[in-house]
Amino acid sequence: MAQTIGPDHALIRGLEDQRHAAVLNQDFDILTSLCHAELVYGHTGGNRDSLDSYLNKLRTGTLRYHRIDHPVDNIVLVGDTALVFGQMNAHLTVDGSNRILNNSTLAVWTKDGGDWKFTAYQPTPMASSD
């Protein structure tokens, strides 16, 4: 699939980098500034969080990321919406248990008041290659 690359594509890619760095560094001010107030954050197990519940899990250590690799395969712009298709390969702790994630992902950014805001996230576990 051919992808058009423009200034918004580069901006969105940079925002994705900032979002992942903020999660890893536990910089909740930056993370909050990147997120839309109506964020819906999906998890591999099918549960979803609002912005407040997601931030609470990160702040309390219920959810703690130790490593995140997040290659971006494609960014599709449709009006004021950016669909970021990629992967998230991560090492994290969930409720005290270590986990490794290898997910195909969709991150959604919307332009709100002239700024791009992280609005939705949905991971899908990738099949094992063994």
Side-chain angles (χ1 to χ4, degrees):
M1 168 186 325
Q3 179 180 348
T4 305
I5 306 294
D8 279 337
H9 291 84
L11 178 62
I12 295 295
R13 188 176 293 268
L15 290 170
E16 279 285 285
D17 289 342
Q18 287 179 39
R19 175 173 72 84
H20 286 96
V23 168
L24 281 170
N25 297 326
Q26 298 184 315
D27 192 330
F28 305 119
D29 290 337
I30 289 177
L31 183 59
T32 301
S33 75
L34 294 171
C35 293
H36 194 283
E38 298 299 322
L39 174 70
V40 177
Y41 191 94
H43 296 279
T44 306
N47 54 316
R48 294 186 186 118
D49 278 309
S50 65
L51 175 59
D52 288 340
S53 62
Y54 178 57
L55 288 170
N56 185 57
K57 286 178 180 177
L58 292 169
R59 283 187 175 111
T60 62
T62 301
L63 183 60
R64 174 73 172 110
Y65 288 88
H66 308 290
R67 176 191 59 82
I68 303 173
D69 299 318
H70 61 99
V72 172
D73 299 325
N74 195 13
I75 299 172
V76 177
L77 294 172
V78 181
D80 287 342
T81 303
L83 306 173
V84 182
F85 297 92
Q87 299 173 35
M88 182 172 71
N89 307 302
H91 172 235
L92 66 157
T93 304
V94 181
D95 291 324
S97 298
N98 288 328
R99 297 195 48 203
I100 302 290
L101 298 180
N102 296 301
N103 292 324
S104 176
T105 61
L106 171 60
V108 179
W109 291 78
T110 54
K111 201 175 258 190
D112 185 21
D115 295 322
W116 287 102
K117 296 292 184 178
F118 178 56
T119 306
Y121 182 75
Q122 186 60 53
T124 302
M126 294 174 47
S128 174
S129 60
D130 9 298

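Just so you know, residue 1 is the first one in the sequence shown, and it goes up from there.
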Using 30° and 60° as the class limits, which term best fits the ring planes of His70 and His20: parallel, tilted or perpendicular? parallel
State, with a plain yes or no, whether a side-chain heavy atom of His9 is found less than 4.5 Å away from one of Leu77. yes
For the residue pair Asp73 and Gly86, what are the closest heavy atoms and their distance? OD2-CA, 3.5 Å
Determine whether Val94 and His43 make a side-chain contact, defined as any pair of heavy atoms from C-beta on separated by less than 4.5 Å. no
Reported CZ-to-CD1 distance for the pair Arg67 and Ile100, which is rounded to 0.5 angstrom: 6.0 Å
Rounded distance (nearest 0.5 Å) linking atom OG1 of Thr81 with atom NZ of Lys111: 10.5 Å
Worked verdict on Gln26 versus Leu58 for side-chain contact (heavy atoms from CB on, under 4.5 Å): CA-CA 7 Å; Gln26 298 184 315; Leu58 292 169; over 6 Å; no
Look up atom CZ in Phe85 and atom CG in Asn74, then write down how far apart they are to the nearest 0.5 Å. 7.0 Å
Identify whether Leu83 and Val40 are in the same connected component of the hydrophobic contact network (ILVMFWY, side-chain heavy atoms under 4.5 Å). no
Might you work through the side-chain contact (heavy atoms from CB on, under 4.5 Å) test for Asp8 and Trp109, ending with a clear yes or no? CA-CA 11 Å; Asp8 279 337; Trp109 291 78; over 6 Å; no
Minimum-distance pair of heavy atoms, taken over all atoms of Phe28 and Thr32: O-OG1, 2.7 Å
Where Ile12 and Ile75 come nearest, the two heavy atoms and their spacing: CG2-CD1, 4.1 Å
For Ala82 versus Trp116, what's the shortest heavy-atom pair and its separation? N-CZ3, 3.7 Å
Looking at Arg64 and Lys57, would you say the former's side chain and the latter's main chain have a donor-acceptor pair under 3.5 Å? no
What's the spacing between Asn89 CG and Asn103 CG if we round to 0.5 Å? 7.5 Å
Side chains of Asp95 and Thr62 only: does a donor on one sit below 3.5 Å from an acceptor on the other? no
In terms of relative ring orientation, are Tyr41 and Tyr54 parallel, tilted or perpendicular, with 30° and 60° separating the classes? parallel
Interatomic spacing from CG in Leu39 to CZ in Phe118 - rounded to 0.5 Å: 5.5 Å
Between Arg19 and Glu16, is a salt bridge (Lys or Arg N to Asp or Glu O under 4.0 Å) present by the stated rule, with each step listed? CA-CA 5 Å; Arg19 175 173 72 84; Glu16 279 285 285; 3.0 Å; yes
Met88 CE to Thr44 OG1 distance, which is reported to the nearest 0.5 Å: 6.0 Å
Quick one: does any side-chain atom of Thr119 pair with a main-chain N or O of Lys117 as donor and acceptor, under 3.5 Å? yes
Does Asp69 form a side-chain contact (heavy atoms from CB on, under 4.5 Å) with Gln87? I'd like the steps, not just the answer. CA-CA 8 Å; Asp69 299 318; Gln87 299 173 35; over 6 Å; no
Taking the side chain from His36 and the backbone from Glu38, do they hold a donor-acceptor pair closer than 3.5 Å? yes
Correct closest heavy-atom pair for Ala22 and Ile30 would be CB-CG2, 3.9 Å
With a 4.5 Å cut-off on side-chain heavy-atom distances among I, L, V, M, F, W and Y, is there a chain of contacts connecting Val108 to Val78? yes
Side chain Thr60, main chain Asn56, donor-acceptor under 3.5 Å: yes
